[in-house]
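To keep things clear, I will list the structure first and then write my remarks on it.
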Amino acid sequence: MSYTPYTLQPILLSASVEESNKGLHVAPSSSSPAIPSVSPPLSFFGRRTTSPPPLDGQSRGNPPRINTILSSQTINTQLSGSFTIDSVEAWDTDLYLGTSDGHILHFILEAKGKIDQNTSVPYASRLERKINLGFGKKSVERILVLPQVSKAVVLCDSILSFYSLPFFDPIPISLIPHIKGVSCFSHDAAEEVHIGEDGTVELCVVKRRVVQVLKIGELVQLKKELPLPDGAIMITRYSCNLCLADAKFYRMIDLQQSTAISLCSTPRITPTTTASTYLGSPQLVARPVATVVKEDEFLVVSTMLPDHILYFYFSVLVNGAGDPLHGTIQWSSYPKALCVEIPYIAALLRNNTIEIHNVLDQQRLQVIYLDPSFEARGMSFGHGISVWMENLAIRLKRCPWPSQNSNIDLDSEIDLQNMLGREAARYSTVPARILVYGRDAVMAQLPTPLLLQVDELLDSSHVEEGIVMADHAFNSMSVDNSVYTERLRSEFDYIYQKAGLLLLQATVFDDAFALLSKGRMDPRVVISLFSNLIREEWLYESPRIIVFDTVKTILEQVGTIDDIVTSTIEKNYGIDIDHETASSANMRSALLKNAVDALLRYLLVERVRRHKTRMSDKAIDTTLLSVYIINEDSKAIFDFLRKPNKCCAEHSVDALISSKRYHALSVLYESKSMFKNVLDVWTKIYTGEYPDTTFTDSLGRIKHLLLQDINTHKLSLSDVMHYTWWLTDQNPTDGVEVFIRSPQYLVLERKSEFAEYHTRLACSYVHDVQEEMKTEMQQEQTHDDLGKRRRQIRV
C-alpha cells in the first residue's frame with residue numbers, strides 16, 4: 001500500500017442552499033463603508049498565491065491509480081443558486097466565499113462532534129454574514145486574508161478593496177482608498193508569519209503598465225513602483241523576486257535591481273466555452289499558472305509540444321538568473337491551480353482530478369478523482385482552517401482501564417473521562433491549508449493522518465507493512481512541543497500498541513512486547529496478560545491506566561497469555577485442552593516459556609526507560625523478581641535484590657517463601673531496611689526452620705548486624721535486645737560482646753554517663769511511643785469506619 005498524502009473532506013455541501021435558507025441582513029457595500037472594526041489577529045500563517053480563474057477541459061490521460069474517490073453520494077450539489085463560488089479563503093474557523101454576483105459569504109464552521117447518518121459533513125456551517133461589495137454583479141476574482149494586520153483584500157471588477165477581520169467590515173475609503181485598474185496582485189510569501197518592523201505587510205499590485213509595492217497597515221503606503229510595458233495577468237512573489245506572466249512570457253523581476261528576465265512562453269489553451277474566429281478555428285487563451293515552492297524557487301506551468309503537454313519545474317535564484325533546477329513534473333491534464341505544501345505539490349487538473357507529486361523527486365504519489373457534479377473550479381492555499389476528522393477522533397479516544405472497581409471515586413472518574421474527551425477532540429482537529437471549491441461547495445484537502453493509513457493495513461492483516469510505514473514516519477518525527485507533534489506521538493502509540501497486540505495473538509512474543517514498549521503501553525497492562533503475575537490492586541493504583549478504546553476492545557478479545565496459547569494449539573492441532581496430546585503439551589510448554597522470556601526482556605527495557613525518566617514502578621520490579629524465580633535464576637535474583645529496587649515487599653515475600661529462597665528473602669528485607677525481619681529470617685535459617693544452604697556463618701552475620709549503628713526507626717533497641725539474648729543462647733561470647741556495646745545495657749546496667757548512649761536510648765523510647773500511638777490511631781480510625789458502614793447499611 002502506497003502512502004497517500006491527502007484526503008478530501010467536505011466542509012460545505014452547498015453555499016446556495018445555506019444562503020437561501022437564512023434570512024440575513026446584507027452588510028453595506030464598500031461604496032458606503034461602515035466604521036471599521038479591526039480585530040486583533042488570532043494567529044499567523046503563511047500563504048501562497050492562487051492561480052487565475054480556472055477552465056474546464058477534457059482529460060488527456062488516464063491515471064493508473066485511484067487513491068481517493070468522491071462519489072455523488074459524498075458531494076451533492078444538485079441544488080444550485082443564482083451564483084457560483086469564484087474564490088475562497090479561510091482563517092481558523094472562518095470561511096470566506098467570493099461569489100459570481102459580487103458578494104462575500106462569511107461562514108462559521110462548528111464541529112458537530114459526530115457525523116449524522118444523512119450527511120458526510122462533520123460541521124454545522126453557519127452563514128454569519130453576506131457582504132455586498134457594491135460593484136454590481138461582478139465576479140469576486142480573489143480574496144486574500146492578512147491576519148498579521150487583521151485585514152482582508154478583495155479583487156472584484158478590477159478594483160482592490162479592503163476589509164477588517166474577522167467580520168469582514170469594509171474599511172472606510174478615507175483610511176484606505178480603493179485601488180482601481182488592478183489586473184492581479186500578490187503578497188510576499190517570504191513574510192509567512194512575520195510582519196515588518198513598522199507593523200506592515202507588503203502587497204504587490206499590477207495596474208495596467210506598472211507594478212506597485214504597497215505597505216499595508218493601518219493605512220496604505222506606496223513603497224516602490226516599476227514600469228511593466230506588457231502588464232501582467234498573473235503574479236506571485238518571494239522576497240525581492242517577482243514571478244509574473246503577461247500574454248506572451250513568464251518573467252522574473254528583481255525588485256532590488258529593477259531588472260527583468262524572460263523565462264518561457266506563456267501557455268495558451270482552449271477555454272471551456274470556445275470562441276471561434278471567422279475561420280471557425282478555436283481561439284486560444286493565455287492561462288499562466290505559477291506558485292512559490294520555497295525560498296527563491298518558483299513552479300511555473302508551460303507547454304512544449306502540441307500533442308504532449310509537459311510542465312516544468314523552475315527554481316529562480318535570488319539574483320533572478322532564471323536557471324531551472326531539479327527535474328520536470330508531467331501532468332495528465334493542464335492544471336487549473338497549484339498549491340505547494342512541502343514536500344508535496346497538489347494540482348487541480350482540467351480532467352476533474354487532483355494529482356499529488358513529491359517536490360524532491362517529482363514522482364506522482366496520489367491521484368484523487370472528483371465527481372463531475374462537484375464542478376471543481378479552483379484551489380486556494382490559505383492560512384488554514386481547523387477541520388475535525390471523526391475517523392481520527394474515534395481512534396484517538398482513550399478511556400480508563402479497567403473500569404469495574406467499586407473503590408473508584410466517581411467524580412474523579414468523570415473528570416478524567418471528560419479530560420480524555422477534550423484530548424481526543426484536540427488531537428482530531430487538523431489544520432487544512434488547501435481548499436478545493438466547486439460551483440457551490442467547498443472541500444478541505446487534509447494531510448492524511450498516518451494512523452488512518454496504517455490502521456487500514458493492520459485491519460487487513462498487513463501488520464508488517466504497517467509497522468514499516470510507521471517506523472519510517474517515526475524516525476523522521478520532530479521533537480517540538482506543538483499540538484501536531486503531540487497528536488503524532490499519540491498516533492504512533494495507537495499504531496504500535498494495536499500492532500503489538502495483533503502480533504501477540506500470533507504468538508510472536510518478542511516483537512509484540514517490543515512494539516508495546518515502543519507504543520508506551522502501561523506495563524501493568526502487559527503484566528496483566530500473565531494471570532499468575534498480576535496483582536489486581538496494581539491496576540487501580542495512581543496514576544490510572546489509560547488505553548485507547550480500540551486497544552481496550554482488542555485486549556478483551558486477546559485475553560491472557562494462557563488463552564492465546566490455548567487458541568494457537570487448537571488451531572494447529574484441532575484439539576482442546578481437555579484432550580491434549582504429548583506433542584501439543586510440549587508446544588504449550590514451549591510457547592509459555594517463550595512468552596515469559598519475552599516478558600523478561602520487555603521488563604528490563606521498561607525498567608531502564610522508566611529509570612531515565614525518574615518514574616518508579618513497583619509492578620515492574622515485583623514482576624521481574626517473580627520471573628527470575630520462575631526461571632530459577634539464583635544469580636539474577638541476588639544481583640537484582642542487592643541493588644536498589646521498588647519491589648512490593650508483601651508480594652515478593654510470598655513468592656520467595658513459596659519458592660523456599662530464604663536467603664534471598666533476607667536480602668530483600670535488607671534492601672528495604674527491614675532489619676527485624678532480616679534477623680528473624682537468619683535465626684530461622686540457623687535453627688533449620690528455613691533450610692537454605694546458600695546462607696553461611698549465620699551467627700557471625702547476626703552479630704555483625706546487631707553491632708551496627710542502625711537508626712532506631714529501622715531497628716528498635718527492644719528488638720536489638722531480643723535478638724542479642726537469642727544470640728547469647730547460641731554463642732555466649734558473641735552475645736556478651738553485643739550486650740557490652742548496647743546502649744540499653746551500658747546506660748541501665750553499667751550506668752554509663754556517655755551522652756551518645758543516652759541519646760540513642762531516648763530516641764529508641766520515643767520511636768516506640770510513636771509507633772504505639774500510631775497503632776492506637778489506626779485502630780480508632782478502623783472502628784469509626786466500621787461504625788459509618790453499619791449506619792449506612794441500616795439506612
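This is a predicted model, so every value here is computed, not measured.
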Across all chains, not counting sequence neighbours, the side chain to side chain contact (heavy atoms under 4.5 Å, CB included) partners of S490 are L396, Y427, F548

Heavy-atom side-chain proximity of I546 to L416 below 4.5 angstrom: yes

What's the spacing between S584 OG and I569 CD1 if we round to 0.5 Å? 5.5 Å

Distance in Å, I527 CD1 paired with W538 CH2, rounded so as to fall on 0.5 Å steps: 6.0 Å

Of all the heavy-atom pairs spanning F530 and A595, show the shortest one and how long it is. CZ-O, 3.7 Å

Output yes when D493 and K498 qualify as a salt bridge under the 4.0 Å nitrogen-oxygen rule, no when they do not. no

Give the intermediate values and the outcome of side chain to side chain donor-acceptor pair (under 3.5 Å) for residues D562 and T560. CA-CA 5 Å; D562 287 334; T560 65; 4.7 Å; no

For the CG atom of L451 and the CE atom of M389, what is their distance to the nearest 0.5 Å? 10.0 Å

With salt bridge (Lys or Arg N to Asp or Glu O under 4.0 Å) as the test, would you mind laying out the steps for E341 and R433 before giving the verdict? CA-CA 8 Å; E341 196 169 24; R433 301 189 66 182; 5.0 Å; no

If you measure from the Lys or Arg side-chain nitrogens to the Asp or Glu carboxylate oxygens, is any gap between D455 and R395 under 4.0 Å? yes

Run the side-chain contact (heavy atoms from CB on, under 4.5 Å) test on D597 and N631 for me, step by step, so that the C-alpha distance in whole Å, both residues' side-chain angles and the decisive distance to 0.1 Å come before the verdict. CA-CA 9 Å; D597 291 343; N631 290 343; 4.0 Å; yes

Should R607 and D621 count as an ion pair when the cut-off is N to O under 4.0 Å? yes

As an exercise, state the distance from CZ of R544 to CG of D522, rounded to the nearest 0.5 Å. 10.5 Å

All side chain to side chain donor-acceptor pair (under 3.5 Å) counterparts of S528, not counting sequence neighbours: none

Could you tell me which non-hydrogen atom of M443 sits nearest to which non-hydrogen atom of P10, and how far apart they are? CG-CA, 3.8 Å

Can a side-chain donor-acceptor contact be found between R588 and T566 if the only test is distance below 3.5 angstrom? yes

Validation row: D440, L12 side chains within 4.5 angstrom (heavy atoms): no

Evaluate side-chain contact (heavy atoms from CB on, under 4.5 Å) for L592 paired with I561, printing each intermediate quantity in order. CA-CA 8 Å; L592 290 175; I561 294 295; 4.0 Å; yes

What do the steps show when you test E464 against H462 for side chain to side chain donor-acceptor pair (under 3.5 Å), and what is the final call? CA-CA 6 Å; E464 292 185 5; H462 294 85; over 6 Å; no

I need the minimum non-hydrogen distance between M379 and I434, along with the two atoms involved. CE-CG2, 3.4 Å

Side chains of H651 and R535 only: does a donor on one sit below 3.5 Å from an acceptor on the other? yes

Min side-chain heavy-atom separation M469-L450 under 4.5 Å: yes

So, the side chain of S652 versus the backbone of C648: is there a donor-acceptor pair under 3.5 Å, distance only? yes

Verify whether one side chain among T4 and Q453 offers a donor that lies under 3.5 Å from an acceptor in the other. yes

4.5 Å side-chain heavy-atom contact, F107 and Y96: no

Before you tell me yes or no, could you show the steps for K518 and I495 under side-chain contact (heavy atoms from CB on, under 4.5 Å), namely the whole-Å CA-CA distance, both residues' side-chain angles and the distance that decides it to 0.1 Å? CA-CA 10 Å; K518 197 170 185 178; I495 291 169; over 6 Å; no

Does the pair E423/K397 count as a salt bridge with the N-to-O cut at 4.0 Å? no

Can you find a heavy atom in the side chain of L599 that is under 4.5 Å from one in the side chain of L533? yes

Does anything in residues 500-516 pair up under salt bridge (Lys or Arg N to Asp or Glu O under 4.0 Å), and if so which pairs, sequence neighbours excluded? D510-R601

Between C399 and L420 the two heavy atoms that sit nearest each other are CA-CD1, 3.8 Å

Lys/Arg-Asp/Glu bridge criterion (N-O < 4.0 Å) met for R489, E491: no

Between Y494 and T550, which heavy-atom pair has the shortest distance, and what is it? OH-CG2, 3.5 Å

Just how far is it from atom CG of N594 to atom OG1 of T507, taken to the nearest 0.5 Å? 8.5 Å

Between N645 and K618, does any side-chain donor sit less than 3.5 Å from a side-chain acceptor? no

In chain order, what residues pass the side chain to side chain donor-acceptor pair (under 3.5 Å) check against Q445, with sequence neighbours excluded? none

Smallest heavy-atom separation, I620 atom then L603 atom, equals CG2-O, 3.9 Å

Walk me through it: do V88 and V436 pass the test side-chain contact (heavy atoms from CB on, under 4.5 Å)? CA-CA 8 Å; V88 172; V436 184; over 6 Å; no

Under the rule for side chain to side chain contact (heavy atoms under 4.5 Å, CB included), what residues qualify as partners of S517, not counting sequence neighbours? Y602, V605, E606, R609

Decide yes or no for H106 and L97: does some side-chain heavy atom of the first lie under 4.5 Å from some side-chain heavy atom of the second? no

Measuring only between side-chain heavy atoms, which start at C-beta, is L656 closer than 4.5 Å to S658? no

Donor-acceptor contact present, side-chain H357 to main-chain A346, <3.5 Å: no

Within-4.5 Å side-chain heavy-atom neighbours: F513 and L504: yes

So, using side chain to side chain donor-acceptor pair (under 3.5 Å) as the criterion, who are the partners of R426 when residues are at least two apart? none

Measure from the side-chain N and O atoms of K672 to the backbone N and O of C647, and report whether any donor-acceptor pair falls under 3.5 Å. yes

Mind checking the CD1-CG spacing from I554 to L502? Nearest 0.5 Å is all I need. 5.5 Å

Say whether, by atom type as modelled, one donor and one acceptor occur between the side chain of N418 and the main chain of I414 under 3.5 angstrom. yes

